[in-house]
2 protein chains.
Amino acid sequence: MLHVAEAARVSVATVSALLNGTATVSPELSQRIEQAIRDIGYKRNAIARSLKMGTTRTIGLTVPHITNPFFTDVVSVIQQAFDRAGYAVMLCCTDEDLNTQDEQIRLLLDRMVDGLIVARVGDGGILKRIVEDANVPVVLLDRLCEGVDTDAVVLDNRRAVFDAVTYLIHLGHRRIGYITGTSDISPMHDRMIGYREALQAAGLPVAEELVRSGNFHEIDGYNATMQLLSLHDRPSAIFSANNPMVIGTMKAIRDIGLSCPEDISVACFDDFPWSDVFVPQLTTVAQPVQAIGEQAANLLLDRLAGNRDAPPRKLVLKGRLMIRNSCRPLGAVAQSVSA
Amino acid sequence: MLHVAEAARVSVATVSALLNGTATVSPELSQRIEQAIRDIGYKRNAIARSLKMGTTRTIGLTVPHITNPFFTDVVSVIQQAFDRAGYAVMLCCTDEDLNTQDEQIRLLLDRMVDGLIVARVGDGGILKRIVEDANVPVVLLDRLCEGVDTDAVVLDNRRAVFDAVTYLIHLGHRRIGYITGTSDISPMHDRMIGYREALQAAGLPVAEELVRSGNFHEIDGYNATMQLLSLHDRPSAIFSANNPMVIGTMKAIRDIGLSCPEDISVACFDDFPWSDVFVPQLTTVAQPVQAIGEQAANLLLDRLAGNRDAPPRKLVLKGRLMIRNSCRPLGAVAQSVSA
DNA sequence: AACGCTAATCTAAACGTTTCGAACGTGTCA
DNA sequence: TGACACGTTCGAAACGTTTAGATTAGCGTT
């Protein structure tokens, strides 16, 4: 900017004024300055600007795993939304590890991000203090956090699973296996409640041996399913509360020599592009990823626009059961081997 | 830092020296300073640091679509690698649009990223100048760029498709449909060459009506497949050079009332977590995503570590044909309806 | 006792912006 | 004619660091 100012024979203040439109500058000087900018190929240094202004027009986004298709989609939507608003987004993957998350949040804060969108992991960790300090606005994504009172957008997980399990019950299933991730995060907790409530509402017992939990990975789903299928009175249906884990479920079913839906019905959380392409077409609970991403972005953008004092807003969106053909009716005569 | 210095009754220079270990500071002062840091809850401002140092420990990463599973995986690997090295990564999605890409690169450069990893789009656009200016190191990912001479890691696309198509030919297929993305990016171009060469090597004609191109999206794959399947002499196999488009291919096959692999064989580029879970298990060309991501990260980290003058390095990795059961042998008696 | 050496600390100038208030010229009004 | 307001431009301080070079203190030598 100094060079531009010299070349245009004006002060840096004038260049700045022109660039930001913060003061009127005469057509004459404007032209000289613009010419100089072109000649020199000047680009304003956003770092210096950030230092002075105290704002970076950058936000931080952390998710557990970007390869989880739910997060892939949501990240994509959020990225687009902030891109439109002229913000950059720094992406971090916490790998479901609290220490990693804390470190990454610190890293983001060091870099003075203007805001944070967090699909948190473990208990809140450092998050709690950050929200309390209220220096940078935080919106919680997908997962609420006890003791962290801030904007959030989540799914009505309890209801979504309640509906899905009720659907299985209506098909005639009585023993429904349930595979969950570690229950220390709110969605897993709420989904489990939905499962229990659906069984109870139908007057069915909640058999603890039908509930297995794992650590969100394919292999965990595989192991959990193996256990369920080797039960002496094995379930006729399995609901997987987590998308990556259902891959393991399907592989276990195949490896054990069974097939879906003939021998066992399967449904899971989170829709994905392939879910209706192959056989069986998987029945899933689809989250409104577009809406979730946009709402999260909007909540944060609103805070960034200056609306700091409004009380925390919590948005609860509804899932949608995508009924396909991985669950078959039970009880009547066995269905034909249609596949 | 000023407050810390005051509280510890030392100068800011000493605080800085301690924090960076750039000079020895006595145990006495060290302790006072550390105490003050704890008391105040001081965090070093990375922006100010960046301004002074001219480095942000942040890199920019642009990909066309993060929802394309290939890019999802690669982004994930790259993110992890830079995280380990203490770098933050700013992620941008260019949506296969050159203007968007140029804008985002400008945005990243404004923010003084230390380096750039780009899965480029269109012709190089602004990229060319940036590489020539050589202020910030650039590594090309997945896609080379004419006239942009810089580090790159790509797949041997020609060979990968050559192998895949040759496999189809060995199965007895003679009319093999080919669906490609727009051919202005190197992988699409090279893959097409691989297709043609495989046909030629087998003494088969290259029938132009069997080649369809689209814009990388599911719907384009759907339309292309519809066209191929309505040919009077329709292909017995289809190879899709792009992953998202093969979803459209499978849906088109289903919608038209055919089934895979009984009526038509399908193979495609890029493996994904679901490819061997359902029926049919899709035969794919798997890219070594882990290696691609790591190599790209390493190339850039090496430049960032100061190795600026080495000539551009171009890494070419090999794909791997994952043979499953979406392609059936032809010519002999029709296979049983096994699915 | 004076000197030089070393180690520890400090002063002050950058880095590239923004912005406040002052300065300047010009035209208007009493 | 002088005072004043207005529109433009500028000087300089500030943002929070790093760092070169100056300063100081301590200590062994001669």
Side-chain angles (χ1 to χ4, degrees), chain A residues 1-37 40-58 86 88 106-114 135-136 306, chain B residues 1-37 40-58 86 88 106-114 135-136 306:
Chain A
M1 185 176 278
L2 183 61
H3 297 112
V4 171
E6 279 167 0
R9 305 188 307 282
V10 299
S11 75
V12 289
T14 309
V15 178
S16 177
L18 176 64
L19 254 36
N20 298 312
T22 49
T24 54
V25 3
S26 68
E28 202 181 322
L29 291 203
S30 295
Q31 213 200 326
R32 286 219 307 265
I33 293 172
E34 276 158 9
Q35 184 62 46
I37 287 177
I40 298 186
Y42 165 78
K43 294 252 67 189
R44 174 163 65 193
N45 182 322
I47 296 293
R49 179 166 223 258
S50 292
L51 177 59
K52 184 63 189 171
M53 307 266 281
T55 167
T56 51
R57 288 194 84 77
T58 300
R106 262 191 282 265
L107 180 105
L108 293 169
L109 256 25
D110 280 357
R111 284 170 172 71
M112 299 207 2
V113 291
D114 291 343
N135 287 325
V136 349
Chain B
M1 184 177 279
L2 183 60
H3 297 112
V4 171
E6 279 169 359
R9 303 187 308 281
V10 299
S11 76
V12 289
T14 310
V15 178
S16 177
L18 177 65
L19 253 36
N20 298 313
T22 49
T24 53
V25 0
S26 68
E28 200 182 321
L29 291 202
S30 295
Q31 212 201 326
R32 286 221 306 266
I33 293 172
E34 276 158 8
Q35 184 61 49
I37 287 178
I40 299 186
Y42 166 77
K43 293 254 64 191
R44 173 161 68 194
N45 182 323
I47 295 293
R49 181 165 221 260
S50 292
L51 176 59
K52 183 64 189 170
M53 307 267 281
T55 167
T56 50
R57 289 192 85 75
T58 300
R106 261 190 282 263
L107 181 104
L108 292 169
L109 256 25
D110 280 358
R111 283 169 172 72
M112 300 207 0
V113 290
D114 291 342
N135 287 325
V136 348

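Below, chains carry the letters A, B, ... as their sequence lines are ordered, and counting in each starts from 1.
Under the rule for a side-chain contact (heavy atoms from CB on, under 4.5 Å), the partners of A:Met1 that lie at least two apart in sequence or sit in another chain are A:Val12, A:Val15, A:Ser16, A:Leu19, A:Tyr42.
Residue B:Ile37 holds its CD1 atom at 13.0 Å from CZ of B:Arg32, rounded to the nearest 0.5 Å. If you take CZ on B:Arg106 and CG on B:Leu109, they are separated by 9.5 Å, rounding to the nearest 0.5 Å.
DNA chain C is contacted by B:Thr24, B:Val25, B:Ser26, B:Leu29 of residues 24-37 of chain B, taking any non-hydrogen atom closer than 4.0 Å. Of all the residues in residues 41-49 of chain A, not one reaches under 4.0 Å from DNA chain D with any non-hydrogen atom. Within residues 14-22 of chain A, the residues having any heavy atom under 4.0 Å from DNA chain C are, by residue number, A:Ser16, A:Asn20.
A:Asp110 pairs in a salt bridge (charged side-chain N to carboxylate O under 4.0 Å, His left out) with only one of the listed residues (B:Arg44, B:Arg49, B:Lys43), which is B:Lys43.
Of all heavy-atom pairs spanning B:Ala36 and B:Ala7, the tightest one is CB-CB, 3.9 Å. The two atoms that bring B:Leu107 and A:Ala88 nearest to each other are CD2-CB, 3.8 Å, heavy atoms only. When all heavy atoms of A:Asn45 and A:Ile47 are compared, the closest pair comes out as OD1-N, 2.7 Å.
Between B:Arg57 and B:Asp114, no side-chain nitrogen of the basic residue sits less than 4.0 Å from a carboxylate oxygen of the acidic one, so the salt-bridge criterion is not met.
Taking the side chain as every heavy atom from C-beta outward, B:Ile33 and B:Ser30 never approach each other to under 4.5 Å. Counting only heavy atoms from C-beta outward, the side chains of B:Thr14 and B:Leu18 never approach each other to under 4.5 Å.
In the displayed structure, B:Gln31 atom CD is contacted under 6.0 Å by at most 12 heavy atoms of other residues, nucleotides or ligands.
Across the helix from C:dA1-D:dT30 to C:dA30-D:dT1, the helix axis at one end is tilted relative to the axis at the other end by 70° (nearest 10 degrees, each axis from five pairs).
Mapped onto DNA chain D by nearest heavy atom, B:Leu2 and A:Ser11 fall at different nucleotides, with A:Ser11 at the one closer to the 5' end.
When DNA chain D is scanned 5' to 3' for any atom under 4.0 Å from a heavy atom of chain B, the first and last hits are D:dG16 to D:dT19.
Judged purely by atom type and a 3.5 angstrom limit, A:Thr56 uses its side chain to pair as donor or acceptor with the backbone of A:Met112.
Counting only N and O atoms by type, the side chains of A:Thr58 and B:Arg111 include a donor and acceptor under 3.5 Å apart.
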